[in-house]
There are 2 protein chains.
Amino acid sequence: MNSRPGAKMADIARLAGVSASTVSRALAGSPLVTALKREQIHRLAHERGYVINATARNLRLQRTQTLSVAIPSGHATSQPLTDPFLMEMLGHLADTITQRGYGMFLQKVVPPMVDWLPQLIASHRSDGIIVIGQSTEHAALEAAAARYKPLVVWGGHLARQSYCTVGSDNVGGATAAVAHLIRAGRQRIVFLGDPAVPEIGLRYHGYQLAHECAARQPVLPPIIPTHLTADAAHEAMRAFIAASGSFDAVFGATDVIAVSALRAISAAGLAVPREVAVVGFDDIALASHANPPLTTVRQDLQRGAHELVDLLFRRLEGEDTPSVVMPAELVVRESSG
Amino acid sequence: MNSRPGAKMADIARLAGVSASTVSRALAGSPLVTALKREQIHRLAHERGYVINATARNLRLQRTQTLSVAIPSGHATSQPLTDPFLMEMLGHLADTITQRGYGMFLQKVVPPMVDWLPQLIASHRSDGIIVIGQSTEHAALEAAAARYKPLVVWGGHLARQSYCTVGSDNVGGATAAVAHLIRAGRQRIVFLGDPAVPEIGLRYHGYQLAHECAARQPVLPPIIPTHLTADAAHEAMRAFIAASGSFDAVFGATDVIAVSALRAISAAGLAVPREVAVVGFDDIALASHANPPLTTVRQDLQRGAHELVDLLFRRLEGEDTPSVVMPAELVVRESSG
DNA sequence: TTGAAAGCGCTACCAC
DNA sequence: GTGGTAGCGCTTTCAA
């Protein structure tokens, strides 16, 4: 392991008294080269700390053994990448991809996001792409998917969409959450989140559905924070309360939003869950640690990550995989009474 | 942007009626090619969705415009990569690296970890390496740093270490935390964490120092959970209480450990902070949301990420940068009374 | 100002 | 079984 810097295959070949071809074959475990020679070459390479140059290999083989993970950070904000949901998903993806012997190329996509996807594709940095969250990029995804197959997206499954998604049953999960609030006797349930983002839109749809099932009208328009961030949600909730909006429950489109609302509500002197019930979506670690612990809709991110990677590998082999919608489960805790 | 798949530079050259050399120069913004021609070529490339093949470019230039971020996952465990501290650091690194126009190659290092660092180096996948956490890899880092310069490590700064680290003042932070407990009248303070991990060892040193300053003996041996995970910490705390260990305070080596201890303590029917005070280290998001909110030592991870990347870039330019120790600040919340 | 040609380090074809 | 050779797509001399 005495790594002479910059040893290359030709050097190993010279030391072993064979050609580069043979070294290449030996290191690839080809049965063409005799076992003895193969072992000698392996030993020599190991002694010298020689490792195949990934760049040269990739160029020659026209593949990189690497998957890109792209994270569109939404709207016109350059917020740091600290959203707990994203981070959790990223962790699971790193595990799964590493386990399959691939590298992971991480790309944060910041506004203005022009042509980032075609560029990422054409740069040939990776063999396939996972995009976490549609954000505002539905159109870009549609366009790219028409020509580029090894692409999978975490997010909501929209009607007539041609790219492959993995995501939870946003409509069903949201319906269950809001129905739970209605059953608990809540009359004026506020939706907090921006329905323009596909996943959030589906959750808002579930919110409406639950009201219809109960023969109710959603009495309030949704509150739309400027971004999917904790601060924006906190401020939106605070402003709503200050404007003396009357309500007895909040359905936060994500846990980050719901927990922020929780704090704004407490800060305004309202008791949770007695005066206001709060429900979120995601079941990130924060949810069970909130005060009071947050009722929410659980998404199985580990399974989600597995599905994403699995589908992408199948696409790499030419299969035209369909989207996957995973069940989402209501987890009742104290914040909803 | 009508991306004909697989267009290469020669194709663009043919379409433009020039040679590949000229296209290369034009796209690189070379002043050698006339402004007019340069613009034509740019337009043509854009129309065709042509992007330079990163692999070929990297091979030719012998650099990748990519930094590796390696995460040793410690001990003999294949736990999923979900530690909030790591995730937060990763997010900041992604931001900083992206902002500097580099790609980020993420590598999770799982046991058995033989030669991962020399191999990562020799694979030439990236121009430099950031390692998050020394974990059990101090020796590997020492060995690699002797030959390979563009390497920086997040972690504790140990005596006579030859690799470049960025980290908080673990000793000072821990001393402040424990001194705070002693001032509050706590008599029997338990340390929860494994001092064999460099950063944790330094924090344990601070724990001892605070006792010495107060002319006290640490009355209890440290409790050593099997891993740096929430479950292991919870179990270690539970077992300690069940064995009727007597104590009135806990210093958790990380927030994840402290919050787990908090729960085990509450579950055992002990009141926090009345009967047992709890203090952590890191100030991750979880800390302020714990019940009661956790007193802890704040590390500025955003600044840490900036320092790491900045030092690495300076090393890429040949500078031999020294380590950086950042101040760590005690944040008093309710868990310590 | 431009183009031809060499070569980055590797793999795979083809001949022996 | 093994080695010579071509070529992956790009950048950069060097010569014109």
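In what follows, every heavy atom counts, from backbone to side chain, and hydrogens, waters and symmetry copies are set aside. In the text below, chain A, chain B and the rest are named by the order of the sequence lines, each starting its count at 1.
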Flag side-chain contact, heavy atom, 4.5 Å: A:P150 against A:L312
yes

Could you pick out which residue, B:V33 or A:V51, lies toward the 5' side of DNA chain C when each is mapped onto its nearest nucleotide?
B:V33

Between protein and nucleotides 11-16 of chain C, map the contacts as a letter string: B base, S sugar-phosphate only, - none, heavy atoms under 4.0 Å, written 5' to 3'.
BBB---

Can you tell me which nucleotide in C:dT2, C:dG3, C:dC10 comes closest to the side chain of B:V18?
C:dG3

Could you work out which one of C:dC10, C:dT2, D:dG9 sits closest to the side chain of A:A56?
C:dC10

For the CD atom on B:E39, are there more than 12 heavy atoms of other groups (residues, nucleotides or ligands in this structure) within a distance under 6.0 Å?
no

Using whole Å, report how far CG of B:L27 lies from P of D:dT12.
13 Å

May I have the distance from B:D11 (atom CG) to D:dC8 (atom P), rounded to whole angstrom?
12 Å

Measuring to OP1 and OP2 of D:dG7, would you say a side-chain N or O of A:Q62 lies under 4.0 angstrom away?
no

To the nearest Å, how far apart are A:L59 CG and C:dC8 C1'?
9 Å

Exercise: do A:W116 and A:E137 side chains pair donor with acceptor under 3.5 Å
yes

Nearest whole Å is fine: how far is C:dG3 P from B:L32 CG?
12 Å

Nearest whole angstrom, please: distance from the P of D:dG9 to the CG of A:N58.
13 Å

Rounded to whole Å, how long is the line connecting atom OH of B:Y50 with atom P of D:dG9?
10 Å

With no hydrogens and no angle check, just 3.5 Å: does a side-chain donor-acceptor pair link A:T321 and A:R315?
yes

Let me know which of A:L27, A:D11, A:L44, A:I41 forms a side chain to side chain contact (heavy atoms under 4.5 Å, CB included) with A:Y50.
A:L27

Between A:D95 and A:R100 (salt bridge meaning N to carboxylate O under 4.0 Å), is one present in this structure?
no

Check whether any side-chain N or O of B:K8 sits under 4.0 Å from OP1 or OP2 of D:dC8, and answer yes or no.
no

side-chain contact (heavy atoms from CB on, under 4.5 Å) between B:I129 and B:L120: does it pass, once the steps are laid out?
CA-CA 9 Å; B:I129 300 177; B:L120 180 57; 3.8 Å; yes

Answer with base, sugar-phosphate or nothing: what part of the nucleic acid does B:T34 contact at a heavy-atom distance below 4.0 Å?
sugar-phosphate

Is the phosphate of C:dG3 approached by B:T22 (side-chain N or O, under 4.0 Å from OP1 or OP2)?
yes

How long is the line joining CZ of A:R125 and C1' of D:dC8, in whole Å?
17 Å

What's the NE2-P distance between A:H124 and D:dC8, to the nearest Å?
14 Å

